[in-house]
> 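The structure's right below; bear with me while I get my questions together.
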Amino acid sequence: PNQADYLFVESTYGDRIHPKEDVFAKLKSIITKTIQKGGSVVVPSFAVERTQTLMYLLWQLKEKKEIPDIPMIMDSPMGANVLSVFQNYKDWHKLPLKECFAMCNAFRIVTEYKDTWEIINSNTSKIIIAGSGMVTGGRVLTYLKYLIDKPETTLVLVGFQADGTRGRKLLEGEKEIRIYGKNFPVNADIENIEVLSSHADQTELIQWMSEIKKAPKKVFVVHGEPESAETFKEKITDTYGWNAIVPQLYDIVEL
């Protein structure tokens, strides 16, 4: 934006900088190591755009023969619906329609729950993308019931994991998680690819507001946990000298 009377800005990663990672190399390494152990890769993912980004990256790796030709599954009814949007509204995105269909054809796209059980019962190594992204619900929980206790399994987190979610607990090294009322030991490897998160880091957020010529009357720092929001508020003040606040629940501000 080049002007704003009042500015609302997120702060999910307001206290950190994303690591410089080669996402193709990281995925290739994770998949190769998992296959060598005879295991499967499970990727909890948000159904809208994150899932499709992952599908594209994995399809590219397979096309270039960077990873073995193992089954790749996308198990998300909503994710499947989004793919149909990609295919029917090609002018809304940059992915050529030919590539979109080729990417889809590289995956087994599951919508029926009975097919989930067939995949679970298969002992072959595979790559599974399933919702939800923070492991709070969805079909990924069904897969994890049967795979999280296996040392040969790798769980790959590919987005921000909010405080209190299963995803955050796994990221922080939790040794046991509760699924459908039962506790399961966590013996799987847990990997995190932070660069795949759609949220900007501190540097990108500061850059985003750099075109605003006149100081906003107030900047509201939202959508972030307390520490990251406070840190980013201070960063805005230090960088631009603007009046930034972190609003609290039920605050009322008169503009």
Side-chain angles (χ1 to χ4, degrees), residues 1 9-37 39 41-68 72 74 93-95 99 103 106 127-129 132-135 153-163 165 167-174 188-212 221-240 244:
V9 59
E10 69 139 312
S11 57
T12 308
Y13 291 116
D15 60 347
R16 72 196 85 168
I17 310 299
H18 289 322
K20 301 297 182 185
E21 284 185 313
D22 182 335
V23 68
F24 283 107
K26 184 80 181 276
L27 279 170
K28 177 183 175 180
S29 173
I30 290 169
I31 292 163
T32 302
K33 284 193 292 186
T34 306
I35 292 171
Q36 286 172 350
K37 294 188 295 182
V41 177
V42 181
V43 189
S45 178
F46 304 106
V48 181
E49 290 199 6
R50 188 70 46 77
T51 286
Q52 292 73 33
T53 298
L54 281 162
M55 289 176 68
Y56 183 83
L57 294 171
L58 292 167
W59 168 63
Q60 286 286 289
L61 284 171
K62 187 172 274 193
E63 279 287 289
K64 296 172 183 176
K65 302 192 186 308
E66 295 283 327
I67 58 173
M72 300 197 297
M74 193 279 282
H93 58 81
K94 297 178 182 178
L95 184 63
E99 290 191 12
M103 174 186 81
I127 302 166
I128 302 158
I129 304 171
S132 66
M134 296 187 193
V135 204
T153 299
T154 304
L155 179 72
V156 185
L157 300 170
V158 291
F160 182 75
Q161 305 298 317
D163 192 26
T165 63
R168 172 64 77 85
K169 290 174 182 176
L170 289 166
L171 189 59
E172 292 176 345
E174 192 87 4
D189 283 338
I190 310 298
E191 295 279 357
N192 182 37
I193 307 182
E194 188 178 304
V195 72
L196 280 173
S197 175
S198 61
H199 293 280
D201 65 11
Q202 186 188 84
T203 300
E204 292 166 326
L205 290 167
I206 288 292
Q207 177 64 28
W208 176 76
M209 58 183 75
S210 66
E211 295 295 317
I212 298 175
V221 180
V222 297
H223 200 292
E225 293 176 6
E227 185 177 342
S228 63
E230 285 293 336
T231 301
F232 190 54
K233 180 195 78 169
E234 292 170 11
K235 181 68 176 179
I236 293 169
T237 304
D238 291 345
T239 305
Y240 296 117

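Note that the numbering runs from 1 along the sequence shown for the chain.
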> With side-chain hydrogen bond (donor to acceptor under 3.5 Å, both in side chains) as the criterion, how do Arg16 and Ser228 come out once you've worked through the C-alpha distance, each side chain's angles and the decisive distance to 0.1 Å?
CA-CA 8 Å; Arg16 72 196 85 168; Ser228 63; 5.5 Å; no
> Does the side chain to side chain contact (heavy atoms under 4.5 Å, CB included) test come out yes or no for Tyr240 and Ser210, once each step is laid out?
CA-CA 9 Å; Tyr240 296 117; Ser210 66; 3.4 Å; yes
> Is Thr51 reaching over with its side chain to a backbone N or O of Phe46, donor-acceptor style, under 3.5 angstrom?
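Yes; judged by distance alone, with no hydrogens or angles, the pair exists.
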> Which heavy atom of Leu95 sits nearest a heavy atom of Glu99, and at what distance?
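Closest heavy-atom pair between Leu95 and Glu99: CD1-OE1, 3.6 Å.
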> How long is the straight-line distance from CD1 of Ile129 back to CD of Gln52, given to the nearest 0.5 Å?
9.0 Å
> Can you list, pair by pair, the side-chain donor-acceptor contacts under 3.5 Å of residues 22-30, counting residues two or more places apart and other chains?
| residue | atom | partner | partner atom | Å |
| --- | --- | --- | --- | --- |
| Asp22 | OD1 | Phe24 | N | 3.1 |
| Asp22 | OD1 | Ala25 | N | 3.1 |
| Lys26 | NZ | Glu21 | OE2 | 3.2 |
| Lys26 | NZ | Asn192 | O | 3.1 |
| Lys28 | NZ | Glu66 | OE1 | 2.8 |

> Evaluate the side chain to side chain contact (heavy atoms under 4.5 Å, CB included) criterion for residues Leu205 and Tyr13: first the C-alpha distance (whole Å), next the side-chain angles of each, then the deciding distance (0.1 Å), finally the verdict.
CA-CA 9 Å; Leu205 290 167; Tyr13 291 116; 5.7 Å; no
> May I ask you to test the Leu157-Pro44 pair for a side-chain heavy-atom distance under 4.5 Å?
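They are in contact (side-chain heavy atoms under 4.5 Å apart), so the answer is yes.
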> So, does Thr239 use its side chain to make a donor-acceptor pair with the main chain of Ile236 at under 3.5 Å?
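No, Thr239 side chain to Ile236 backbone: no donor-acceptor pair under 3.5 Å.
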> Roughly how far apart are Thr53 OG1 and Met103 CE, rounded to 0.5 Å?
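Thr53 OG1 to Met103 CE: 8.5 Å, rounded to 0.5 Å.
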> Decide side chain to side chain contact (heavy atoms under 4.5 Å, CB included) for Ile31 and Thr154; before the verdict, give the C-alpha distance in whole Å, the side-chain angles of both, and the deciding distance to 0.1 Å.
CA-CA 8 Å; Ile31 292 163; Thr154 304; over 6 Å; no
> Is the side chain of His18 donor-acceptor paired with the backbone N or O of Ser197 at a distance under 3.5 Å, no angle test?
no
> Any side-chain to backbone donor/acceptor pair from Glu10 onto Thr12? Under 3.5 Å, distance only.
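Yes; at least one donor-acceptor contact below 3.5 Å.
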> Tell me, yes or no, whether the heavy-atom count around Glu49 atom CD, taken from other residues, nucleotides or ligands under 6.0 Å, exceeds 12.
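Count not over threshold, so no.
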> Closer than 4.0 angstrom, basic N to acidic O: yes or no for Lys235 and Glu230?
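Salt bridge flag = no for Glu230 with Lys235.
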> Could you give the distance from OG1 (Thr203) to CD1 (Ile17), rounded to the nearest 0.5 Å?
3.0 Å
> Has Gln207 got a side-chain atom pairing as donor or acceptor with Glu204's backbone, closer than 3.5 angstrom?
no
> Considering only heavy atoms from C-beta outward, does the side chain of Glu225 approach that of Phe160 to under 4.5 Å?
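Yes, at least one pair of side-chain atoms sits under 4.5 Å.
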> Can you measure from CG (Asp201) to CD (Glu194) and round to the nearest 0.5 angstrom?
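The CD atom of Glu194 is 8.5 Å from CG of Asp201, to the nearest 0.5 Å.
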> Can any side-chain N or O of Glu191 pair as donor or acceptor with the backbone N or O of Val156 at less than 3.5 Å?
no
> I would like to know whether Val41 and Ile128 meet side chain to side chain contact (heavy atoms under 4.5 Å, CB included); could you show each step before the answer?
CA-CA 6 Å; Val41 177; Ile128 302 158; over 6 Å; no
> Backbone N or O of Gly133 within a donor-acceptor pair of the Gln161 side chain at under 3.5 Å?
yes
> Find the distance between CG (Leu61) and OH (Tyr56) and round it off to the nearest 0.5 Å.
11.0 Å
> Quick one, Met134 and Arg168 - any side-chain contact, counting heavy atoms below 4.5 Å?
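Answer no - side chains too far apart.
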> Regarding Lys33 and Asp189, does a basic nitrogen lie under 4.0 Å from an acidic carboxylate oxygen?
no
> Considering all heavy atoms of both residues, which atom of Gly14 and which atom of Gln202 are nearest to each other, and what is their separation?
O-NE2, 2.8 Å
> Could you report the tightest heavy-atom contact between Ala229 and Gly224, atom names first, then the distance?
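In this case the closest contact between Ala229 and Gly224 is CB-O, 4.3 Å.
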> Let me confirm one number: the CD1-OG1 distance from Ile127 to Thr34, rounded to the nearest 0.5 Å.
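It comes to 8.5 Å.
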> Does a donor on one side chain sit under 3.5 Å from an acceptor on the other, for Ser11 and His223?
no
